[in-house]
Amino acid sequence: MRKYILFAGVASAFMFGSLGAQGTTCESERAFDLVVYGGTSAGISAAVQAKRMGLKNVVVLEPTPRIGGLTTGGLGQTDIGVKWAFGGIAREFYRGIRAYYNDPAHWKWQAKCDYKSKGQSETLDTEDTMWTFEPSAALAVLEGWEKRDGLDIRRGEWLDREKGGVTVENGRITAIRTLSGKIFRGRMFVDATYEGDLMAAAGVSYAIGREANAVYGETINGVQSEWHPATFPKDWDNQIHVAVDPYIVPGDKTSGLIRGVEPESCEAANGTGDRRVQAYCFRVCMTDCESNRIPFGKPASYDERNYEILFRMAEAGADLTLNNFAPMPNRKTDSNNRGGFSMDFIGANWNYPEASYAERERIVRSHLDYQRGLLWTLANHPRIPAATRAFYAKWGTCRDEFLDGLGEGWQRQLYVREARRMVGDYVMTEHDCRQTRKVPRPVALAAYGMDSHNVRRHIVNGKVRNEGDVQDHKFKRPYPVEYGSIVPKKTECENLFVPICVSASHIAYGSIRMEPVFFALGQVAGTAAAQALSENVAVQDVDYGALSRRLKADGQVFSCTGSGR
């Protein structure tokens with residue numbers, strides 16, 4: 001496999017694709033009105049809205065070959081909560097999905113009448129939107145926007161995260177340099193990445209991991225060493241309920257711990273903070289359609305020690321339907337984590353948020369190998385019950401998805417549930433989710449429960465247990481997102497928007513971090529960027545009255561009481 005020598009170290013074409021020739025090209029003597037780093041849902045939304053606001057000189061820099069982030073990267077069962085909470089460009093996308101599937105030509109592997117969505121994103125025949133979709137369908141919609149709106153999207157442009165990669169003068173970003181050597185000067189910037197790389201390189205404050213409950217007066221942040229079953233609806237329970245001995249030789253502490261279990265010395269009090277990050281995975285697009293199916297392959301790096309917990313769960317009689325099979329059109333799935341041992345590679349991602357590109361690639365590769373190995377194990381390993389093996393053997397990845405991905409039907413986009421989180425003047429917390437405090441400048445709604453996946457496996461009463469999973473879906477929803485949560489402190493940067501790595505506590509971010517919200521916040525960023533330029537003010541000082549009027553006129557929903565709905 002070819003290697004590329006980068007400013008940040010050594011990284012392969014496996015994750016990044018072609019990076020282009022290095023040089024010192026200055027993209028423009030005249031600055032772009034808006035430079036968007038990250039072609040995610042938020043990034044594309046910001047660019048679309050900025051152009052609609054009259055900004056003609058807008059550029060989107062997307063590191064990978066594919067735009068759309070998780071929306072085109074396998075997350076086809078939309079985490080939505082309440083559908084009416086989303087209007088504007090977010091709803092425009094889901095209407096585009098509906099229109100896509102109204103075309104008979106897009107039903108190749110299944111008759112349209114035979115497809116039924118399920119769960120929170122179920123689509124009724126009377127709706128003009130559709131909330132479940134194949135990755136390729138989402139990509140077709142967004143690439144359609146690219147052509148329709150004449151978006152200037154530069155693929156393969158990775159931010160140079162080394163010193164000098166981001167130029168800040170008098171509290172404003174003036175230019176960013178990419179690893180291809182190009183320099184993009186701008187008047188306004190958007191960091192629309194899942195990692196917050198531009199934000200961090202610009203010197204903006206951020207947090208990683210879980211705050212202690214005491215930091216913001218919360219109740220379900222920090223370490224969750226005491227498991228509370230009442231907090232977890234049964235369908236979302238990601239705990240290990242059978243007895244799994246943590247030692248290589250059961251009962252013998254001297255034999256060492258089985259893979260993935262922390263020593264007992266790592267314990268901390270419930271509610272205390274740490275830098276552990278909730279688990280990542282790939283959202284796997286699978287099919288049982290034989291002519292489109294790629295059987296699960298055994299990775300060359302396969303190590304069955306990674307699955308010892310799974311084997312012991314099987315031997316204890318646990319249910320091994322360990323990933324959901326949310327139905328997507330054309331006999332495909334969006335398969336996510338489910339249960340005590342599943343798609344999430346728990347504890348393997350803690351270094352990801354601040355890792356170099358080369359180290360992130362290694363983490364992505366380890367997640368790919370883990371999930372490929374897990375699916376092969378479930379379909380083939382003799383320590384898995386025969387009925388389970390037979391069930392999984394019917395499935396595989398899709399020949400017609402992720403043709404620009406990592407091969408064998410696997411995508412590049414890892415489900416980075418949480419990385420850096422900005423710390424601005426306004427930090428969204430559990431109190432905002434529960435609406436026990438009033439948001440002064442609402443600009444969008446969030447509508448999902450506070451959802452944090454496990455961060456580690458540890459020992460409780462001599463048995464393996466997962467820790468960190470919080471699924472609190474019982475609060476009143478939806479709730480407003482504050483404008484101040486997408487802009488930095490004015491003392492740190494006056495011309496940057498951060499619509500993904502927003503200013504939020506860990507537990508509040510677990511609710512906000514949904515793709516429809518990112519579409520909505522991207523629209524806010526595009527609107528406010530144009531307004532800040534027009535008013536010649538810092539992003540923190542835009543006229544909120546004018547901002548809210550424009551958002552409302554453009555269909556954005558940001559109130560549950562009528563205003564902006």
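We use all heavy atoms of the structure for the numbers below, so side chains are in, but hydrogens, waters and symmetry mates are not.
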A.B. asks: Please check if the side chain of Thr333 supplies one atom and the backbone of Pro327 the other of a donor-acceptor pair under 3.5 Å.
C.D. replies: no
A.B. asks: Tell me whether the rings of Tyr370 and Phe345 are parallel (<30°), tilted (30 to 60°) or perpendicular (>60°).
C.D. replies: parallel
A.B. asks: Once rounded to the nearest 0.5 Å, what's the spacing between atom CZ of Phe519 and atom CD of Glu92?
C.D. replies: 9.5 Å
A.B. asks: Looking at Tyr357, is Arg161 sitting on its ring face, NZ or CZ under 6.0 Å from the six-membered ring centre and within 45 degrees of the normal?
C.D. replies: yes
A.B. asks: Atom CE of Met514 and atom CG of Asp79: how far apart are they, to the nearest 0.5 Å?
C.D. replies: 5.0 Å
A.B. asks: Does either side chain, that of Glu157 or that of Ser180, offer a donor lying less than 3.5 Å from an acceptor on the other one?
C.D. replies: yes
A.B. asks: Look at Arg399 together with Glu408 and state whether they make a salt bridge at an N to O cut-off of under 4.0 Å.
C.D. replies: no
A.B. asks: Short question: side chain of Arg420, backbone of Tyr206 - any donor-acceptor pair under 3.5 Å?
C.D. replies: no
A.B. asks: Do you know which two heavy atoms are closest between Pro440 and Glu482, and how far apart they sit?
C.D. replies: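 Nearest pair, atom of Pro440 first, then Glu482: CD-OE1, 3.2 Å.
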A.B. asks: Do His453 and Asp344 have a side chain donor and acceptor closer than 3.5 Å?
C.D. replies: yes
A.B. asks: Take His473 and Tyr448 through the test ring-ring contact (aromatic ring centres under 6.0 Å, His included) and record every step on the way to the result.
C.D. replies: CA-CA 7 Å; His473 294 256; Tyr448 204 74; 5.1 Å; yes
A.B. asks: With a 4.0 Å cut-off on N to O distance, would you call Asp33 and Arg187 a salt bridge?
C.D. replies: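 Counted as a salt bridge, because a side-chain N and a carboxylate O are separated by less than 4.0 Å.
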A.B. asks: Would you say the side-chain atoms of Arg155 pair up with the backbone N or O of Pro65, donor to acceptor, closer than 3.5 Å?
C.D. replies: yes
A.B. asks: Given side chains that start at C-beta, do those of Val539 and Phe497 come closer than 4.5 Å, heavy atoms only?
C.D. replies: yes
A.B. asks: Can any side-chain N or O of Ser41 pair as donor or acceptor with the backbone N or O of Phe518 at less than 3.5 Å?
C.D. replies: no
A.B. asks: Should Asp554 and Lys552 count as an ion pair when the cut-off is N to O under 4.0 Å?
C.D. replies: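 So Asp554 does not pair with Lys552 through a salt bridge.
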A.B. asks: If every non-hydrogen atom of Tyr426 is compared with every non-hydrogen atom of Met428, which pair is closest and at what distance?
C.D. replies: CE2-SD, 3.7 Å
A.B. asks: Could you measure the distance from the CD atom of Glu401 to the SG atom of Cys285? Nearest 0.5 Å is fine.
C.D. replies: 4.5 Å
A.B. asks: Quick one: does Asn495's side chain have a donor or acceptor within less than 3.5 Å of a partner on Arg172's backbone?
C.D. replies: no
A.B. asks: Please check this pair: side chain of Ser534 against backbone of Gln531, looking for a donor-acceptor N/O pair closer than 3.5 Å.
C.D. replies: no
A.B. asks: Going by distance alone, is a donor N or O of one side chain under 3.5 Å from an acceptor N or O of the other, for Thr71 and Glu515?
C.D. replies: yes
A.B. asks: Using only atom types and a distance under 3.5 Å, with no angle test, would you say the side chain of Thr527 pairs donor to acceptor with the backbone of Gln523?
C.D. replies: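 Pair found, side chain donor or acceptor close to backbone of Gln523.
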A.B. asks: Could you label the plane-to-plane angle of the Phe86 and Trp131 rings as parallel, tilted or perpendicular, counting under 30° as parallel and over 60° as perpendicular?
C.D. replies: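 If you compare the ring of Phe86 with that of Trp131, the planes turn out tilted.
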A.B. asks: Do Asn238 and Asn454 have side chains that get closer than 4.5 Å, going by heavy atoms?
C.D. replies: yes
A.B. asks: How far apart are the C-alpha atoms of Tyr94 and Met130, what are their side-chain angles, what is the distance that settles it, and do they pass the side-chain contact (heavy atoms from CB on, under 4.5 Å) test?
C.D. replies: CA-CA 5 Å; Tyr94 297 104; Met130 187 167 174; over 6 Å; no
A.B. asks: Which residue is it: Lys118, Glu122, Met328? I am looking for the one with a side-chain contact (heavy atoms from CB on, under 4.5 Å) to Thr132.
C.D. replies: Met328
A.B. asks: For Tyr216 and Asp432, which I'm curious about, is there any donor-acceptor pair between the side chains at under 3.5 Å?
C.D. replies: no
A.B. asks: Apply the test salt bridge (Lys or Arg N to Asp or Glu O under 4.0 Å) to residues Asp160 and Lys182: give CA-CA distance (whole Å), side-chain angles for both, the deciding distance (0.1 Å), then the verdict.
C.D. replies: CA-CA 10 Å; Asp160 180 358; Lys182 297 184 179 72; over 6 Å; no
A.B. asks: Is any side-chain heavy atom of Ile500 less than 4.5 Å from a side-chain heavy atom of Thr40?
C.D. replies: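 In contact.
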A.B. asks: For the backbone of Phe282 and the side chain of Gln371, can you confirm whether one donor and one acceptor N or O come within less than 3.5 Å of each other?
C.D. replies: yes
A.B. asks: Can you tell me how the ring of Tyr100 sits relative to the ring of His106, calling it parallel under 30°, perpendicular over 60° and tilted otherwise?
C.D. replies: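 If you compare the ring of Tyr100 with that of His106, the planes turn out parallel.
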A.B. asks: Is there a donor-acceptor pair closer than 3.5 Å between any side-chain N or O of Glu211 and the backbone N or O of His506?
C.D. replies: yes
A.B. asks: Return the minimal non-hydrogen interatomic distance between Gly468 and Arg210, and the atom names on each side.
C.D. replies: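 Nearest heavy atoms, Gly468 then Arg210: CA-NH1, 3.5 Å.
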A.B. asks: Does Thr72 reach the main-chain N or O of Ile67 with its side chain, forming a donor-acceptor pair under 3.5 Å?
C.D. replies: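 The answer is yes, because a donor-acceptor pair under 3.5 Å joins these two groups.
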A.B. asks: Taking atom types as modelled, is there a side-chain donor on Ser205 or Glu492 under 3.5 Å from an acceptor on the other?
C.D. replies: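 Side-chain D/A pair, Ser205 to Glu492: present.
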A.B. asks: Give, for atom CG of Leu142 and atom CZ of Arg66, the distance between the pair rounded to the nearest 0.5 Å.
C.D. replies: 10.0 Å
A.B. asks: Centroid separation under 6.0 Å, is that true for the rings of Tyr280 and Tyr352?
C.D. replies: yes
